[in-house]
Each structure stands twice: as structure tokens, then as C-alpha cells.
Amino acid sequence: MQYMSQSFRIKDPEIKDLFLDIAAEELGHMEMVAQTINMLNGHEADAEKVPAGEIQTHVLLGLNPGLINASGYSWTGDYVSVTGDLCADLLSNIASEQRAKVVYEYLYRQIDDKKVKETIDFLLNREEAHNALFREAFNKVQRSGSNRDFGTTKAARMYFSLSEPSPGDNRFADKDVTPPAFQ
């Protein structure tokens with residue numbers, strides 16, 4: 001939903017298409033996760049076979065994976081970050097893809113099922129592909145929108161090392177801060 005919602009204001013047709021393509025693929029990822037959960041849960045809603053705490057999935061949701069977060073809160077539009085600024089949205093998407101990779105990596109280490117691990121491995125690699133594509137798009141537009149140079153003074157771009165003791169080889173100290181470039 002985030003990528004699709006962000007695409008509505010993108011003027012660059014290539015980047016707009018990228019957002020919409022990744023949005024569509026992410027819906028496919030949701031289907032893959034749902035099908036994996038269905039295969040693990042079986043296809044019979046039998047309360048006697050459900051460990052404590054999981055009855056809601058089996059009875060209230062009819063074995064459908066719930067659109068909830070890890071704490072049990074329902075999905076809402078609050079999870080969607082849209083600023084209307086392409087640079088800000090791209091940086092948010094890069095961070096979102098990175099967070100997804102972290103979650104998949106944690107799951108991968110905790111699961112023994114070979115087929116589930118293959119699914120997670122596929123999803124993890126696709127998130128990395130999305131991350132790389134968003135970084136490439138950011139490289140194309142990084143000096144635009146909120147990320148352009150507003151003509152600030154040199155002093156406004158300086159880094160001040162205010163901690164003591166400061167590492168002697170601090171590569172940021174006494175340097176101008178420049179916008180990030182993802183390679």
C-alpha cells in the first residue's frame with residue numbers, strides 16, 4: 001500500500017512504474033506468506049489441535065492469516081508512510097525493505113523446515129532486489145525535492161564532534177556533510 005500510495009504523485013514515468021511494479025510484487029509476497037501459513041496450519045479448524053494462544057487464527061479468522069502485527073494489532077493505514085517528496089519516500093522505502101530483510105533473516109535462523117526456509121530465502125532476496133532498485137532511483141533524484149541544496153552556508157553542513165573522548169580517526173569530524181549516494 002505504501003509504494004502504490006506514494007506512486008500517485010510521482011511525475012517521472014520510470015520511477016512511477018518502479019513503485020507500482022514493486023507494489024504489485026509485494027502483494028504477491030503477501031500471498032506467498034499466506035499460503036505458507038495455510039500449509040503449516042493445515043486446512044481443518046480443529047480447536048483441539050491448536051496450541052494455547054493460537055485459537056483466534058483457527059476459529060475467528062477461519063484459518064486465514066490475520067492482517068495484524070506481531071503484537072496482535074490490526075493493520076491500518078497508519079503503517080503507510082507517504083510524504084509527497086520523492087527523496088523522502090525513497091529513503092523510507094529503502095528503510096522498509098531493509099527492515100523486511102531483518103525480519104526474514106530472524107525467521108530464517110529460527111525455522112528448521114526446508115521448504116519454509118526456501119520461501120523465506122526467496123523473499124529475502126527479492127527484498128534486497130527492491131532495496132537496490134530504490135537506491136538506484138534515489139541516485140537518479142537525490143539532488144531534488146527536500147534533498148536539494150538550499151544554498152546553506154558551509155557552517156550549516158559541518159559536523160561537530162561534541163563527545164569526549166572523540167575517536168582520533170573520526171572520519172566525520174571537520175568535514176562538510178554531503179547528501180548520501182547509494183552505489
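Every value quoted in this text rests on a predicted model; they were computed, and no experiment measured them.
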Please assess Lys115 against Thr119 for the test side chain to side chain contact (heavy atoms under 4.5 Å, CB included), listing each intermediate value before the final yes or no.
CA-CA 6 Å; Lys115 293 296 183 185; Thr119 301; 5.6 Å; no
What's the verdict on side-chain hydrogen bond (donor to acceptor under 3.5 Å, both in side chains) for Asn93 and Asp89, showing C-alpha distance, side-chain angles and the deciding distance?
CA-CA 6 Å; Asn93 296 349; Asp89 287 346; over 6 Å; no
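In this structure, CZ on Phe122 lies 11.5 Å from CG on Leu124, to the nearest 0.5 angstrom. We find the CD1-CG distance between Ile22 and Leu27 to be 12.5 Å, quoted to the nearest 0.5 Å. The line from OG of Ser92 to OH of Tyr3 is 8.0 Å long, rounded to the nearest 0.5 Å. The OH atom of Tyr104 sits 15.5 Å away from the CZ atom of Arg109 when rounded to the nearest 0.5 Å. One finds the CG atom of Leu123 at 13.0 Å from the CE atom of Met30 (value rounded to the nearest 0.5 Å). The CD1 atom of Ile120 sits 12.0 Å away from atom CD of Glu127, with the distance rounded to the nearest 0.5 Å.
Counted within 6.0 Å of CD on Glu14, heavy atoms from surrounding residues, nucleotides or ligands total 12 or fewer; the atom is thus considered open.
Annotation: Tyr79 is not in aromatic contact with Tyr73 [ring centroid separation under 6.0 Å not met].
Closest heavy-atom contact between Asp113 and Val116: OD1-N, 2.9 Å. Residue Val141 comes nearest to Cys87 through the heavy atom pair O-SG, 3.2 Å, listed as atom of the first residue, atom of the second, then distance. When all heavy atoms are compared, the tightest approach of Asp85 to Ala88 is OD2-N, 2.9 Å.
Between Gln142 and Asn139, the closest side-chain pair of non-hydrogen atoms falls below 4.5 Å. Contact annotation: the side chain of Phe134 never approaches that of Ser96 to less than 4.5 Å [non-hydrogen atoms, C-beta and beyond]. Proximity of Asp12 to Phe19: side-chain heavy atoms (C-beta onward) are nowhere separated by under 4.5 Å. By the 4.5 Å heavy-atom criterion applied to side chains, Gln2 and Glu26 are not counted as neighbours.
Linking ILVMFWY side-chain heavy atoms closer than 4.5 Å, directly or via other members, places Phe8 and Leu18 in two distinct hydrophobic clusters. When hydrophobic clusters are built by joining Ile, Leu, Val, Met, Phe, Trp and Tyr residues whose side-chain heavy atoms come closer than 4.5 Å, directly or via intermediates, Tyr108 is not grouped with Tyr106. Both Leu133 and Phe138 sit in one connected hydrophobic cluster of ILVMFWY residues. Membership requires side-chain heavy atoms under 4.5 Å apart, directly or through other members. Linking ILVMFWY residues whenever their side-chain heavy atoms come closer than 4.5 Å, directly or via other members, places Val80 and Leu67 in the same cluster.
Distance alone, capped at 3.5 Å, is enough to place a donor-acceptor pair between the Thr36 side chain and the Met32 backbone. A donor-acceptor pair under 3.5 Å is absent between the side-chain atoms of Asp121 and the main chain of Lys117, judged by distance alone. Judged by distance alone, the side chain of Gln6 and the main-chain N or O of Ser81 form a donor-acceptor pair under 3.5 Å.
Remark: of the listed residues Glu97, His29, Lys101, His29 is the sole one forming a side-chain contact (heavy atoms from CB on, under 4.5 Å) with Arg126.
Arg135 and Glu128 are joined by a salt bridge, as a carboxylate oxygen and a charged side-chain nitrogen come within less than 4.0 angstrom of each other.
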